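What follows is one structure encoded as structure tokens, with my remarks underneath.
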There are 2 protein chains.
Amino acid sequence: MVTKRTRKRKPGRPSKPIGREKLLTIARTAFAEHGYAGTSLSTIADAAGIRKASLYYHFDTKEELYFEVLSGVLTNMSSLIMNAQLGEGNFVDRIDRLSELVVDYFGEHPDASRLLVREAIGDGDFLSGPGKEVAQRVLDGAAIFLEAGMKVGDFRKQPPKQLAISIVGMHLFFFASSGMNSQFMGEDIFSPSILSERKESLVAQIRSLCVG
Amino acid sequence: MVTKRTRKRKPGRPSKPIGREKLLTIARTAFAEHGYAGTSLSTIADAAGIRKASLYYHFDTKEELYFEVLSGVLTNMSSLIMNAQLGEGNFVDRIDRLSELVVDYFGEHPDASRLLVREAIGDGDFLSGPGKEVAQRVLDGAAIFLEAGMKVGDFRKQPPKQLAISIVGMHLFFFASSGMNSQFMGEDIFSPSILSERKESLVAQIRSLCVG
DNA sequence: GTCTATATGGCGATAGAC
DNA sequence: GTCTATCGCCATATAGAC
């Protein structure tokens with residue numbers, strides 16, 4: 001290979017290199033919590049235990065770091081949704097399974113829903129830029145899936161895109177507004193009990209939305 | 001009165017005073033589009049045709065201006081919802097009417113949903129500060145309304161707060177993500193045709209969510 | 001890979017003239 | 001009520017030592 005990934009460090013100073021992945025994780029949380037404009041590189045550097053300038057060794061600009069964070073999130077979501085849609089069974093079983101998978105995913109990745117909602121409302125420039133086609137593919141795929149379910153009679157006939165947007169909104173809003181909703185529910189929405197209640201409720205809600 | 005609201009201007013310079021309401025409208029759009037952190041007072045001042053420093057005659061701080069904008073939006077939403085819930089008719093008719101009212105409102109006020117979603121995900125400090133009680137009252141009121149509908153058998157029995165959050169998410173996400181959704185729908189979602197399609201679809205969706 | 005030091009610019013906010 | 005001028009701070013980003 002051309003670039004030699006030197007395994008052993010030189011005897012010099014760089015004794016505790018911080019992984020690029022760790023930086024992305026820290027940045028993901030920061031961007032999710034305060035948005036792109038509201039997050040400074042100092043915040044991220046502090047959380048990582050390095051100086052702000054050191055970030056520029058790993059990423060050329062703040063926007064590149066942000067885009068890389070969002071690319072990861074969108075890729076995960078995309079493959080999750082695509083896989084679930086391709087399973088066996090009738091459309092009702094498939095939408096149930098998809099609902100459960102998405103709730104599980106957002107429950108285990110508290111930053112994801114917030115980042116996606118921020119992008120959806122136009123806070124960052126990823127979905128309107130590099131992530132545009134992937135986002136379109138996911139949404140179009142959802143609409144096609146729902147329409148197919150209507151064609152075979154498993155789902156009630158209705159505008160598929162309207163249905164798709166509503167379902168996405170139900171999924172995202174619950175987790176993205178975690179602070180407000182935790183206050184409303186009287187308990188942290190990421191607690192196991194609320195999470196399982198949400199899963200059961202949402203599966204039933206989305207099913208009646210599609211079928212009823 | 002003590003402060004004399006001099007109707008006739010002195011012959012001096014201030015020939016075109018900009019109304020406080022106009023400033024709030026401009027600020028509302030700016031905050032909705034770029035968020036609190038992403039909006040600079042220069043932007044607002046430019047849009048208003050005055051200098052940045054002149055804003056401080058009307059508002060003490062950037063946060064005060066922002067809070068005033070959000071206070072207006074939340075007050076409107078609150079009274080809209082409270083009034084609709086108190087109407088006559090069974091619960092199905094009432095939830096239908098409420099759905100229509102909300103779609104109409106967001107359709108006529110493109111900034112509102114975005115501002116509310118931004119606050120819900122913790123971008124600004126209004127809902128977690130001055131607007132906390134109002135927000136709680138609205139959400140609690142919604143849950144109580146839905147629970148009452150279940151008690152009399154108009155609505156299917158289910159966790160009322162889970163239902164409330166889902167409905168709010170459906171309403172907000174469609175309008176707040178106007179750019180992405182317009183691209184997805186292939187037409188501006190604020191166009192009359194999409195707006196009426198959304199109203200019809202969402203009314204049916206929310207009804208089957210509550211009843212089905 | 002991380003550091004210090006620095007360049008450059010925009011931000012919120014204030015003072016005081018008109 | 002709006003202006004010009006300015007202050008102090010923090011932002012992104014760069015240069016170069018170690």
Side-chain angles (χ1 to χ4, degrees), chain A residues 3-27 30-31 33-70 123-126, chain B residues 2-27 30-31 33-70 123-126 129:
Chain A
T3 61
K4 41 179 173 184
R5 285 252 174 260
T6 61
R7 228 193 185 310
K8 325 197 136 191
R9 284 184 268 99
K10 295 213 203 83
R13 218 74 49 65
S15 54
K16 301 216 313 186
I18 188 164
R20 191 188 165 88
E21 291 305 314
K22 197 149 247 164
L23 280 177
L24 283 170
T25 301
I26 291 169
F31 283 132
E33 229 145 73
H34 309 108
Y36 180 78
T39 301
S40 75
L41 294 181
S42 312
T43 306
I44 297 173
D46 285 356
I50 60 177
R51 301 278 106 206
K52 179 178 53 169
S54 307
L55 284 174
Y56 286 92
Y57 172 80
H58 301 274
F59 309 95
D60 283 348
T61 65
K62 179 188 179 183
E63 195 174 52
E64 183 192 303
L65 167 56
Y66 175 73
F67 279 4
E68 208 148 324
V69 164
L70 252 99
D123 206 89
D125 289 339
F126 183 75
Chain B
V2 183
T3 60
K4 41 180 175 182
R5 287 251 175 261
T6 61
R7 222 179 190 321
K8 326 197 134 187
R9 283 184 270 96
K10 295 214 203 83
R13 218 78 48 63
S15 54
K16 302 216 313 186
I18 188 163
R20 188 188 166 87
E21 291 305 314
K22 197 150 247 164
L23 280 177
L24 283 169
T25 300
I26 291 169
F31 284 130
E33 230 147 72
H34 308 109
Y36 180 77
T39 301
S40 75
L41 294 180
S42 312
T43 306
I44 298 173
D46 285 356
I50 61 177
R51 302 275 110 205
K52 177 179 57 167
S54 307
L55 285 174
Y56 287 92
Y57 172 81
H58 302 275
F59 308 94
D60 282 348
T61 65
K62 180 189 179 184
E63 196 174 53
E64 182 192 304
L65 167 56
Y66 176 72
F67 279 5
E68 209 147 326
V69 164
L70 253 100
D123 206 88
D125 288 340
F126 183 75

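This is a predicted model, so every value here is computed, not measured. Proteins come first, then strands; the chains are lettered A, B, ... in the order of their sequence lines, and each starts at number 1.
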Name every residue in residues 46-58 of chain A that has at least one heavy atom under 4.0 Å from any atom of DNA chain D, in order of residue number, or write none if there are no such residues.
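A:Lys52, A:Ala53, A:Tyr56, in order of number.
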Whole-Å gap separating [atom2] ([N]) and [atom1] ([X]):
{"X": "B:Asp60", "N": "C:dA13", "atom1": "CG", "atom2": "P", "result": "9 Å"}
{"X": "A:Ile44", "N": "D:dA13", "atom1": "CD1", "atom2": "P", "result": "11 Å"}
{"X": "A:Tyr66", "N": "D:dT12", "atom1": "OH", "atom2": "P", "result": "14 Å"}
{"X": "B:Phe59", "N": "D:dG1", "atom1": "CZ", "atom2": "P", "result": "12 Å"}
{"X": "B:Glu64", "N": "C:dA13", "atom1": "CD", "atom2": "P", "result": "10 Å"}
{"X": "B:Lys62", "N": "C:dT14", "atom1": "NZ", "atom2": "P", "result": "15 Å"}
{"X": "A:Leu23", "N": "C:dG1", "atom1": "CG", "atom2": "P", "result": "11 Å"}

[atom1]/[X] to [atom2]/[Y] distance, rounded to the nearest 0.5 angstrom?
{"X": "A:Lys62", "Y": "A:Leu65", "atom1": "NZ", "atom2": "CG", "value": "9.5 Å"}
{"X": "A:Thr61", "Y": "A:Leu55", "atom1": "OG1", "atom2": "CG", "value": "11.5 Å"}
{"X": "A:Tyr66", "Y": "A:Leu41", "atom1": "OH", "atom2": "CG", "value": "13.5 Å"}
{"X": "B:Phe126", "Y": "B:Glu63", "atom1": "CZ", "atom2": "CD", "value": "11.0 Å"}

Query - ring-ring contact (aromatic ring centres under 6.0 Å, His included) involving A:Phe59 - partner list, sequence neighbours excluded - result: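 ring-ring contact (aromatic ring centres under 6.0 Å, His included) list for A:Phe59, sorted by chain: empty.
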- request: State which residues pass side chain to side chain donor-acceptor pair (under 3.5 Å) with A:Tyr36; sequence neighbours excluded, sorted by chain then number.
  value: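 For A:Tyr36, no residue satisfies side chain to side chain donor-acceptor pair (under 3.5 Å) once neighbours in sequence are set aside.
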*asked:* Suppose we screen for side chain to side chain donor-acceptor pair (under 3.5 Å). Which residues come up paired with A:Glu33, at least two apart in sequence or across chains?
replied: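 Expected list: none.
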(Q) Just to be sure I understand the geometry, which residues of residues 35-42 of chain B put a non-hydrogen atom under 4.0 Å away from DNA chain C? (A)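 Those residues are B:Thr39, B:Ser40, B:Leu41, B:Ser42.
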Enumerate donor-acceptor pairs with a distance under 3.5 Å from any side-chain N or O in residues 42-50 of chain B to protein atoms, sequence neighbours excluded.
residue, atom, partner, partner atom, Å
B:Thr43, OG1, B:Ser40, OG, 3.0

